[in-house]
Novice: 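Provided herewith is a single structure, encoded as structure tokens, for subsequent inquiry.
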Amino acid sequence: MAPLMDGDSALVLDRRTGPHGEVALRRQGHLLQIIANGCFLMDTSDGRSERLLVDAARDALPGAGGHSLLLGGLGVGFSLAHAAADPAWRSVTVVEREAAIIDWHRAGPLAEVSATALADPRTEILHTDLLTHLRTADRSYDALCLDIDNGPDWTVTEDNDGLYTPQGLALCRARLAPSGVLAVWSARPSPDFEGTLRNSGFQGVRTHEIPVARGVPDVVHLAIRAG
């Protein structure tokens, strides 16, 4: 299929409709962008906040390395690429529910970000919904980094709301090893979510801000499961 042009002159490289709606990959100048149901998710312009998401979780863990990491959301691949470049992670598992996004990394334009990480034997990509994996997985992780929405208050689809409720956070907590770390990326601070984390049995709740060129800073919410 020939690439299409969106109304803003971005080149649509691929557009697919699945069980969660439409997801599209666009090129705007030198940037690659992921759009879900008409909502801008992320692009390849920076990656600072995605790298901080992974590093903040690692730095909050006890010990110098040998940790297991679960990434919720593949996105443009910055988090995966950064994690796979760090020998502190013993394993890096990525849960992604959109087959199109996985395809764009394995055999498409986003391979320019993630090809090295995908070739790393520590990396595993699971095509499934994150809540489903949290409910059914028979393993625990030292760190769980979530980057599947624009934040707890700005989800891509309504069914993602449950992830940020006490019930969803209980699933996250159950999947973490003792002293494990939950890190959640958000496009804006969420004091209410901090309170929900504390009320869900997490300790050491805090927020890292990442300055952006315009507007409110991106943030990473951090919380620790008691040992």
Novice: Identify, with sequence neighbours excluded, every residue that meets ring-ring contact (aromatic ring centres under 6.0 Å, His included) alongside F202.
Specialist: none
Novice: Report, one line per pair, each donor and acceptor closer than 3.5 Å where one atom sits in a side chain of residues 36-43; sequence neighbours left out.
Specialist:
residue: N37; atom: OD1; partner: E22; partner atom: N; Å: 2.8
residue: N37; atom: ND2; partner: H20; partner atom: O; Å: 3.1
residue: D43; atom: OD1; partner: S45; partner atom: N; Å: 3.0
residue: D43; atom: OD1; partner: S45; partner atom: OG; Å: 2.6

Novice: E96: what forms a side chain to side chain donor-acceptor pair (under 3.5 Å) with it, not counting sequence neighbours?
Specialist: none
Novice: Does the salt bridge (charged side-chain N to carboxylate O under 4.0 Å, His left out) test come out yes or no for R106 and D103, once each step is laid out?
Specialist: CA-CA 5 Å; R106 286 180 170 162; D103 290 346; 5.8 Å; no
Novice: Does the side chain of L182 reach to within under 4.5 Å of the side chain of R225, using non-hydrogen atoms?
Specialist: no
Novice: Can you list the residues that meet the side chain to side chain donor-acceptor pair (under 3.5 Å) rule with D142, with sequence neighbours excluded?
Specialist: S68
Novice: Applying side chain to side chain contact (heavy atoms under 4.5 Å, CB included), can you list everything that pairs with T207, at least two apart in sequence or on another chain?
Specialist: E194, V219, H221
Novice: Between L134 and C172, which heavy-atom pair has the shortest distance, and what is it?
Specialist: CD1-SG, 3.9 Å
Novice: Using side chain to side chain contact (heavy atoms under 4.5 Å, CB included), reason through L126 and T93 one step at a time and then give a plain yes or no.
Specialist: CA-CA 7 Å; L126 302 179; T93 301; 3.7 Å; yes
Novice: Can you check side chain to side chain contact (heavy atoms under 4.5 Å, CB included) on L80 and I125, steps first, answer last?
Specialist: CA-CA 10 Å; L80 169 60; I125 306 294; 4.2 Å; yes
Novice: Would a hydrophobic clustering, with Ile, Leu, Val, Met, Phe, Trp and Tyr connected at side-chain separations under 4.5 Å, put L69 with Y141?
Specialist: no
Novice: Kindly work out whether a path of hydrophobic side-chain contacts (I/L/V/M/F/W/Y, heavy atoms less than 4.5 Å apart) joins L130 to L74.
Specialist: no
Novice: Closer than 3.5 angstrom, by distance alone: can the side chain of R122 be matched with the main-chain N or O of A84 as a donor-acceptor pair?
Specialist: yes
Novice: State plainly whether one hydrophobic cluster holds both F78 and L118, where clusters connect Ile, Leu, Val, Met, Phe, Trp and Tyr through side-chain heavy atoms under 4.5 angstrom apart.
Specialist: yes
Novice: Could you walk me through whether L110 and T44 pass the side chain to side chain contact (heavy atoms under 4.5 Å, CB included) test, one step at a time?
Specialist: CA-CA 9 Å; L110 289 173; T44 54; 4.3 Å; yes
Novice: Membership question, hydrophobic clusters at under 4.5 Å side-chain separation (ILVMFWY): are L13 and I102 in the same one?
Specialist: yes
Novice: I'd like to check H133 versus L70 (side-chain heavy atoms, cut-off strictly below 4.5 Å). Are they in contact?
Specialist: yes
Novice: Identify whether V23 and V95 are in the same connected component of the hydrophobic contact network (ILVMFWY, side-chain heavy atoms under 4.5 Å).
Specialist: no
Novice: Given the rule in the salt bridge (charged side-chain N to carboxylate O under 4.0 Å, His left out) test, do R90 and E124 qualify, once you have shown the distances and angles that lead to the verdict?
Specialist: CA-CA 12 Å; R90 180 184 77 252; E124 177 184 24; over 6 Å; no
Novice: Checking side chain to side chain contact (heavy atoms under 4.5 Å, CB included) for the pair L11/Q33: CA distance, chi angles, key distance, verdict?
Specialist: CA-CA 10 Å; L11 182 67; Q33 306 170 331; over 6 Å; no
Novice: With sequence neighbours left out, what residues match H105 under ring-ring contact (aromatic ring centres under 6.0 Å, His included)?
Specialist: none
Novice: Using side-chain heavy atoms (C-beta onward) and a distance below 4.5 Å, is L176 in contact with V181?
Specialist: no
Novice: For R16 and D14, indicate whether the former's side chain and the latter's backbone hold a donor-acceptor pair under 3.5 Å.
Specialist: no
